[in-house]
Visitor: 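Here's a structure for you.
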Amino acid sequence: MTFSYGYLTWEWSEGLRGFTYPLLFAILYKMLYWTGKDDVFLLIWLPRLIQAVFSSIADIKLYSLVKRMENSNVAKWVYFSQLCSWFTWYCSSRTLTNTMEAVLGTLALYYYPLEGSRTKSSTKYLFFVALAFLVRPTAPILWVPLLLYHFSKEQKKLDLILLHCLPVGLLALGGSVIIDWMYFGEWTVVQWNFLKFNVLQNIGSFYGSHPWHWYMTQGFPVIMGTHLPFFIHGCIVAPRRYRVLLVAIVWTVLIYSTLSHKEFRFIYPVLPLCMIFCGFSLTNIKRWKKPAIGFLVLSNLLPALYTGLVHQRGALDIMSNVQQLCQKQNSSLLILMPCHSIPHYSHVHCPITMNFLECPPDLGDHDTYVDEADLFYASPLAWLHAEFYDHKRLPTHLVMFSVLEKDINPFLITHNYVRTASVFHTHLPEGRIGSHIYLYERQLQ
């Protein structure tokens with residue numbers, strides 16, 4: 001969108017991804033380009049900083065909401081619970097659609113007409129719900145119980161639909177369709193395409209499926225971490241008017257449980273709601289409050305620092321070495337890793353040839369379909385010999401996980417590839433993912 005080169009995955013060619021959220025960063029990139037400040041360092045860090053700012057605003061709004069509905073003491077403990085959550089630390093600065101969905105959901109909650117709320121505004125909260133839907137089409141799942149509750153309590157139901165829901169919905173969806181039309185070159189409703197592929201056709205299961213109970217037995221307990229007992233206690237002691245939020249949490253987890261493909265980040269938007277109940281729990285704890293606070297801080301600080309600074313960091317660290325290829329003529333890179341293991345052009349900022357093992361799902365309903373990544377890992381050496389029978393097509397550099405090295409060592413030796421960089425990736429190597437990432441360079445004789 002900004003520099004007229006890059007790589008678009010199959011989701012873009014099939015119209016499953018919208019340009020509304022990326023447009024935020026494209027504008028930022030364009031401003032850097034116009035001012036001559038489009039350094040790769042800024043291209044990497046400014047989007048994270050902007051996302052962190054949005055997340056911070058949402059955290060403050062969460063505090064303000066509880067302060068206005070209850071008092072500053074309850075709000076303080078809700079805010080504390082939110083800020084010391086390891087999963088909040090992990091996600092809040094990442095430019096994931098789920099992160100922005102959580103931000104917009106929290107802003108919507110601030111204006112939602114909860115009983116006793118002094119910040120309620122139907123137009124404003126519906127606007128943020130609509131924006132969340134544009135960013136991630138599954139966002140309304142969380143809001144179905146809340147919307148129905150609002151509708152049931154609303155005295156002027158027809159006015160709510162005609163004067164608030166329809167104008168906001170049409171404005172948001174119309175804006176999204178126009179933005180996508182500008183970049184796709186044709187009229188595309190990405191929200192429908194997203195739901196059709198991921199829900200109706202269940203294409204997402206191609207990227208892995210989990211048992212129906214996964215969110216209840218693993219997903220939700222993991223993202224809550226040591227907040228979980230406080231959340232359960234908070235559900236008991238919180239005022240009755242907050243039960244609708246608990247219904248929304250349970251509903252969201254149950255609905256996502258019916259989908260085959262599951263990830264921790266998918267239910268991240270329920271976390272701010274959970275922290276409200278954690279705050280009520282801490283408010284009501286009297287005798288053991290200091291030990292409880294210390295326990296929460298220490299038990300969240302360690303996983304937050306480890307997952308944020310250590311675990312799987314090699315995917316980013318290796319990009320410093322890849323960036324140096326821009327200084328060499330005719331450089332080309334082949335990434336022999338599971339697809340999307342490392343960043344791409346946004347972390348390099350030069351149009352060198354960068355290829356990786358692709359893994360689009362079977363869109364043609366072929367019984368014998370195997371994606372390129374699986375085909376490669378079935379027989380790495382045979383795949384390389386078949387792909388590069390013409391030595392002129394050999395890439396100048398290769399990137400791979402350490403576990404692959406022994407499998408393709410004959411190919412590396414034959415074609416004079418020498419390891420030039422090794423970076424730590426994880427203490428928990430598994431399957432195709434190794435403990436280190438290697439960069440190889442072909443030495444020309």
Side-chain angles (χ1 to χ4, degrees), residues 2-3 5-7 9 22 25-26 28-29 31-33 35-52 89-96 99 304-358 373 394-405 408 412 415-430 432-444:
T2 306
F3 301 107
Y5 73 91
Y7 179 87
T9 59
F25 305 111
L28 172 67
Y29 281 3
M31 292 172 63
L32 292 173
Y33 172 71
T35 57
K37 302 295 184 181
D38 54 317
D39 180 78
V40 66
F41 176 84
L42 295 178
L43 295 184
I44 293 171
W45 282 97
L46 282 184
R48 300 180 194 176
L49 181 61
I50 287 179
Q51 186 61 66
W89 282 36
Y90 183 77
C91 291
S92 58
S93 64
R94 296 172 187 264
T95 52
L96 300 167
T99 303
L305 292 175
Y306 182 76
T307 57
L309 299 175
V310 180
H311 183 57
Q312 295 187 350
R313 65 170 295 139
L316 294 175
D317 290 344
I318 196 65
M319 297 311 294
S320 298
N321 301 95
V322 175
Q323 290 165 13
Q324 297 173 13
L325 305 187
C326 297
Q327 312 302 323
K328 301 179 180 180
Q329 290 186 343
N330 302 319
S331 292
S332 57
L333 179 70
L334 176 60
I335 304 165
L336 297 174
M337 308 165 80
C339 58
H340 314 306
S341 290
I342 64 174
H344 218 50
Y345 286 108
S346 65
H347 284 54
V348 179
H349 195 36
C350 70
I352 62 172
T353 301
M354 295 175 62
N355 294 313
F356 61 91
L357 303 172
E358 298 188 2
L394 285 166
T396 61
H397 295 78
L398 302 172
V399 172
M400 69 191 75
F401 280 119
S402 51
V403 291
L404 181 64
E405 184 182 48
I408 64 170
L412 298 175
H415 298 288
N416 302 313
Y417 282 102
V418 177
R419 190 200 303 173
T420 57
S422 173
V423 298
F424 168 78
H425 184 63
T426 178
H427 291 111
L428 304 170
E430 181 183 10
R432 299 172 180 177
I433 299 175
S435 61
H436 289 71
I437 296 177
Y438 296 155
L439 175 68
Y440 273 82
E441 180 177 0
R442 189 179 181 214
Q443 303 294 322
L444 297 179

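Every value quoted in this text rests on a predicted model; they were computed, and no experiment measured them.
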Visitor: Can you see which heavy atom on Lys37 is nearest to which on Leu42, and at what distance?
Guide: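 Residues Lys37 and Leu42, closest heavy atoms: O-CD1, 3.2 Å.
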Visitor: Working to the nearest 0.5 angstrom, can you tell me the gap between Leu444 CG and Asn416 CG?
Guide: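 Going from CG on Leu444 over to CG on Asn416, the span is 8.5 Å.
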Visitor: Quick one: do Leu394 and Tyr417 satisfy side-chain contact (heavy atoms from CB on, under 4.5 Å)? Show the steps, please.
Guide: CA-CA 10 Å; Leu394 285 166; Tyr417 282 102; 3.8 Å; yes
Visitor: Ignoring hydrogens, what is the shortest heavy-atom contact between Arg94 and Gln51? Give both atom names and the distance.
Guide: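 Taking every non-hydrogen atom into account, O-CG, 3.4 Å.
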Visitor: Is there side-chain contact between Val40 and Met319, with at least one heavy-atom pair below 4.5 Å?
Guide: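 No, every pair of side-chain atoms sits at 4.5 Å or beyond.
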Visitor: Between Pro338 and Arg432, what is the shortest heavy-atom contact and its length?
Guide: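 Scanning both residues, the minimum pair turns out to be CG-CB, 3.9 Å.
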Visitor: What closest approach, in Å, do Tyr29 and Thr2 show between heavy atoms, and which atom pair accounts for it?
Guide: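 Minimum heavy-atom separation between Tyr29 and Thr2: CB-OG1, 3.6 Å.
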Visitor: Carefully, step by step, assess Leu43 and Ser346 under the rule side-chain contact (heavy atoms from CB on, under 4.5 Å).
Guide: CA-CA 7 Å; Leu43 295 184; Ser346 65; 5.8 Å; no
Visitor: For the residue pair Gly434 and Thr426, what are the closest heavy atoms and their distance?
Guide: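 Of all heavy-atom pairs spanning Gly434 and Thr426, the closest is O-CG2, 3.5 Å.
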Visitor: Any idea which heavy atoms bring Pro429 and Ser435 closest together, and the distance?
Guide: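 Smallest heavy-atom distance, with atoms named: CB-N, 3.7 Å.
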Visitor: Rounded to the nearest 0.5 Å, how far apart are NE2 of His425 and CD1 of Ile433?
Guide: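 His425 atom NE2 to Ile433 atom CD1 measures 5.5 Å (nearest 0.5 Å).
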Visitor: Is it true that a side-chain atom of Ser332 and a backbone atom of Thr396 form a donor plus acceptor pair closer than 3.5 Å?
Guide: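 Such a contact is found between Ser332 side chain and Thr396 backbone.
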Visitor: Tell me whether Arg442 contacts the main-chain N or O of His415 through its side chain, where contact means a donor paired with an acceptor under 3.5 Å.
Guide: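 Yes, the answer is positive, given that a donor and an acceptor are paired below the 3.5 Å cut-off.
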Visitor: Mind checking whether Leu316 and Ile44 have side chains closer than 4.5 Å, heavy atoms only?
Guide: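 Of all side-chain heavy-atom pairs linking Ile44 with Leu316, none is under 4.5 Å.
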Visitor: Give a yes or no on whether Tyr7 atom OH has more than 12 heavy-atom contacts from other residues, nucleotides or ligands under 6.0 Å away.
Guide: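 Atom OH in Tyr7 is crowded, with more than 12 foreign heavy atoms closer than 6.0 Å.
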Visitor: Taking the six-membered ring for Trp and the single ring otherwise, decide whether the centroids of Tyr345 and Tyr5 are under 6.0 Å apart.
Guide: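 Yes, they do, as the ring centres are separated by less than 6.0 Å.
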Visitor: Look up atom OG in Ser341 and atom CE in Met400, then write down how far apart they are to the nearest 0.5 Å.
Guide: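 One finds 13.0 Å between OG of Ser341 and CE of Met400.
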Visitor: Under 3.5 Å, is there a donor-acceptor pair between the side chain of Gln323 and the main chain of His347?
Guide: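 At least one qualifying donor-acceptor pair exists.
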Visitor: Below 4.5 Å, heavy atoms only, C-beta onward: do Leu412 and Arg419 meet side chain to side chain?
Guide: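 Of all side-chain heavy-atom pairs linking Arg419 with Leu412, none is under 4.5 Å.
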Visitor: Working to the nearest 0.5 angstrom, can you tell me the gap between Asn321 CG and His397 NE2?
Guide: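 Result: 9.5 Å between the selected atoms.
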Visitor: For a 4.5 angstrom cut-off between non-hydrogen side-chain atoms, does Leu325 reach Val348?
Guide: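 No, every pair of side-chain atoms sits at 4.5 Å or beyond.
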Visitor: Contact between Leu305 and Val310 at the side-chain level, heavy atoms closer than 4.5 Å - yes or no?
Guide: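 SC-SC contact between Leu305 and Val310 ruled out.
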Visitor: Hey, can you tell me if Tyr438 and Tyr440 have their rings parallel, tilted or perpendicular (30° and 60° cut-offs)?
Guide: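 The rings of Tyr438 and Tyr440 stand perpendicular, inter-plane angle above 60°.
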Visitor: Keeping the roles fixed (side chain from Ser93, backbone from Arg48), state whether a donor-acceptor pair exists under 3.5 Å.
Guide: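 Side chain of Ser93 to backbone of Arg48: no pair is present.
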Visitor: Can you tell me how far the CG atom of Asp39 sits from the NE2 atom of His349, to the nearest 0.5 Å?
Guide: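 The distance works out to 7.5 Å.
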Visitor: Does the side chain of Phe424 reach to within under 4.5 Å of the side chain of Arg313, using non-hydrogen atoms?
Guide: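 Touching, per the 4.5 Å side-chain cut-off.
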Visitor: Is the shortest side-chain heavy-atom distance between Ile437 and Phe401 below 4.5 Å?
Guide: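 With C-beta onward as the side chain, the pair touches.
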Visitor: How far does OG1 of Thr420 sit from CG of Leu398, to the nearest 0.5 angstrom?
Guide: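 Answer for the OG1-CG pair, Thr420 versus Leu398, is 10.0 Å.
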Visitor: Are any non-hydrogen side-chain atoms of Met337 and Ile318 less than 4.5 angstrom apart?
Guide: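 No, their side chains stay 4.5 Å or more apart.
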